[in-house]
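Atoms within each ligand, like the ligands themselves, are counted from 1 in listed order. Here the structure is a predicted model, which is why all the values come from computation and not from measurement.
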Amino acid sequence: MKRWSGRLLTMFVIAGLVPAVVAWAEYADVTINTQSEAEGVAPVIFPHWFHRIRFQCSVCHVDLDIRMGAGTTGITMEKLIDGQYCGACHNGNIAWSIDNCDLCHSGRPGLETGVKGGHETMGPGLY
Ligand code: HEC
Ligand code: HEC
Ligand code: HEC
């Protein structure tokens, strides 16, 4: 009995909880606007799904110390130029460089920090 209930719990976790988290991470954009508009640039649209199919979660959320919460990491341009967070890859080597302001600051005005479906943000294609 004990063993069976343990299996049920495992099945519940596998069938229910885990895919919910993965789907969330995979199909949404994270919009980051804690300071952008206040500082005169467009909100950032981070296409989570695009990155997630190319890198393991741990590359960003462990190695690069990026928090699992929209707008909670405390990203600044100074840190990006210093090679932290997005700047670890967007350095003209692994990916296009930090000089391409509009590729990251691509959100329409008023977009709040949070997780949005691609249809809401228009994705990063709104360059
Ligand atoms: C290329 C880097 C990168 C990869 C790879 C990545 N993430 Fe993220 N993730 C981010 C960034 C950036 C944020 C937003 C952090 C911020 O705004 O401070 C984020 C936010 C999140 C959030 C919070 C969204 C919310 O609800 O507010 C979750 C959950 C998350 N990631 C899970 C995952 C999982 C699970 C994977 C792997 C399947 C993954 N991430 C892979 C960069 C990445
Ligand atoms: C682990 C490496 C890595 C990190 C960290 C990372 N990126 Fe990227 N990013 C990439 C790569 C690789 C590409 C593809 C570059 C190319 O096509 O030349 C990319 C592409 C993009 C694109 C374009 C997507 C498209 O549809 O063409 C945007 C926008 C972007 N990144 C924003 C960000 C932002 C904002 C952050 C930080 C919150 C970030 N990235 C962090 C590696 C990374
Ligand atoms: C690889 C993605 C990326 C690129 C390229 C990029 N930024 Fe940012 N930038 C961010 C992120 C993420 C934040 C944090 C957004 C927030 O919290 O509102 C940010 C924040 C800012 C801020 C407000 C905070 C601060 O540090 O002053 C300004 C201003 C800014 N960026 C200007 C620029 C300019 C100008 C360029 C081009 C020279 C640029 N950014 C290129 C991702 C990027």
Side-chain angles (χ1 to χ4, degrees):
M1 183 58 199
K2 192 155 187 262
R3 187 173 176 159
W4 175 236
S5 57
R7 274 207 202 146
L8 263 183
L9 180 64
T10 307
M11 282 163 64
F12 173 68
V13 169
I14 290 170
L17 292 176
V18 174
V21 170
V22 172
W24 189 246
E26 200 162 359
Y27 299 117
D29 289 328
V30 177
T31 61
I32 311 174
N33 192 11
T34 67
Q35 318 166 65
S36 294
E37 267 192 300
E39 298 290 336
V41 289
V44 171
I45 293 183
F46 173 67
H48 210 177
W49 50 270
F50 178 99
H51 291 81
R52 190 252 167 274
I53 57 173
R54 287 167 173 79
F55 302 96
Q56 305 233 335
C57 316
S58 63
V59 170
C60 293
H61 291 297
V62 178
D63 300 347
L64 296 178
D65 211 18
I66 294 173
R67 304 269 171 83
M68 281 195 187
T72 62
T73 305
I75 298 174
T76 62
M77 290 310 296
E78 205 175 292
K79 290 178 182 169
L80 298 194
I81 290 162
D82 189 41
Q84 296 182 57
Y85 310 129
C86 327
C89 298
H90 288 278
N91 54 11
N93 185 17
I94 297 171
W96 39 262
S97 83
I98 216 73
D99 302 334
N100 299 284
C101 317
D102 296 348
L103 299 188
C104 289
H105 292 279
S106 69
R108 57 181 162 73
L111 212 53
E112 286 174 16
T113 298
V115 180
K116 312 275 195 303
H119 66 287
E120 283 180 79
T121 57
M122 309 292 286
L126 197 69
Y127 297 148

Counting only heavy atoms closer than 4.0 Å, does ligand 3 sit against the backbone of Thr113, its side chain, both, or neither? neither
Does Arg54 have a non-hydrogen atom less than 4.0 Å from ligand 1? no
Which atoms of ligand 3 have any heavy atom of Asn33 under 4.0 Å away? 18 (O)
The atoms of ligand 1 lying under 4.0 Å from a heavy atom of Thr73, numbered in the order shown, are 15 (C), 16 (C), 18 (O)
Going by the closest heavy atom to atom 38 (C) of ligand 3, which one wins out of Ala70, Cys89, Cys101? Cys101
I want to know whether His48 and Phe50 have ring centres closer than 6.0 Å. no
With atom 8 (Fe) of ligand 2 at the center, what angle do NE2 from His51 and NE2 from His90 span, rounded to 10 degrees? 180°
As an exercise, identify every atom of ligand 3 less than 4.0 angstrom from a heavy atom of Leu80. 10 (C), 42 (C), 43 (C)
Using a strict 4.0 Å cut-off to heavy atoms of Tyr85, name the atoms of ligand 2 that fall inside it. 5 (C)
Can you find an N/O atom of Asp99 closer than 3.5 Å to an N/O atom of ligand 3? no
Check whether any side-chain heavy atom of His105 lies under 4.5 Å from a side-chain heavy atom of Ser36, and answer yes or no. yes
Under a 4.0 angstrom heavy-atom cut-off, which atoms of ligand 2 come close to Ala95? 10 (C), 11 (C), 12 (C), 13 (C), 15 (C)
Cys104 heavy atoms, cut-off 4.0 Å: which ligand 2 atoms fall inside? 32 (C), 35 (C)
Would you mind running through ligand 2 and noting each atom that sits below 4.0 Å from a heavy atom of Leu64? 5 (C)
Please identify which atoms of ligand 1 are closer than 4.0 Å to at least one heavy atom of Arg52. 37 (C), 38 (C)
Numbering the atoms of ligand 1 from 1, which are under 4.0 Å from a heavy atom of Gly69? 15 (C), 16 (C), 17 (O), 18 (O), 23 (C), 27 (O)
Side chain or backbone of Val41 under 4.0 Å from ligand 3, or both, or neither, by non-hydrogen atoms? side chain
Just to check, does Val59 reach to within less than 4.0 Å of ligand 1 when the distance is taken from its heavy atoms? no
Taking only heavy atoms of Leu103 into account, list the atoms of ligand 2 that are under 4.0 Å away from them. 29 (C)
Would you mind running through ligand 1 and noting each atom that sits below 4.0 Å from a heavy atom of Val115? 24 (C), 25 (C), 26 (O), 27 (O)
Numbered atoms of ligand 1 (with element) below 4.0 Å of Ile32, judged on heavy atoms: 17 (O)
Contact atoms of ligand 1, heavy-atom distance to Val30 under 4.0 Å: 14 (C)
With a cut-off of 4.0 Å, which atoms of ligand 1 are near a heavy atom of Gln56? 5 (C)
Any Pro47 heavy atom less than 4.0 Å from ligand 2: yes
Side chain, backbone, both or neither: Arg67 near ligand 1, heavy atoms under 4.0 Å: backbone
Proximity flag Asn100 to ligand 3, non-hydrogen atoms under 4.0 Å: yes
At less than 4.0 angstrom from any non-hydrogen atom of Val44, what atoms of ligand 2 do you find? 35 (C)
Answer side chain, backbone, both or neither: which part of His105 comes under 4.0 Å from ligand 3, heavy atoms only. side chain
Among Trp96, Phe46, Trp49, whose heavy atom sits nearest atom 22 (C) of ligand 2? Trp96
For Thr76 and ligand 3, does the shortest N/O to N/O distance drop below 3.5 Å? no
Please state the angle at atom 8 (Fe) of ligand 1 spanned by NE2 of His48 and NE2 of His61: what is it, rounded to 10 degrees? 170°
For Ile66, the atoms of ligand 1 under 4.0 Å from one of its heavy atoms are 10 (C), 11 (C), 12 (C), 13 (C), 15 (C)
Using heavy atoms and a threshold below 4.0 Å, how should the contact between Ser36 and ligand 3 be classified: side chain, backbone, both, or neither? both
Below 2.8 Å, can you find an N, O or S atom of Met77 next to atom 8 (Fe) of ligand 3? yes
Once you restrict to heavy atoms under 4.0 Å, what part of Cys86 touches ligand 2? Side chain, backbone, both or neither. both
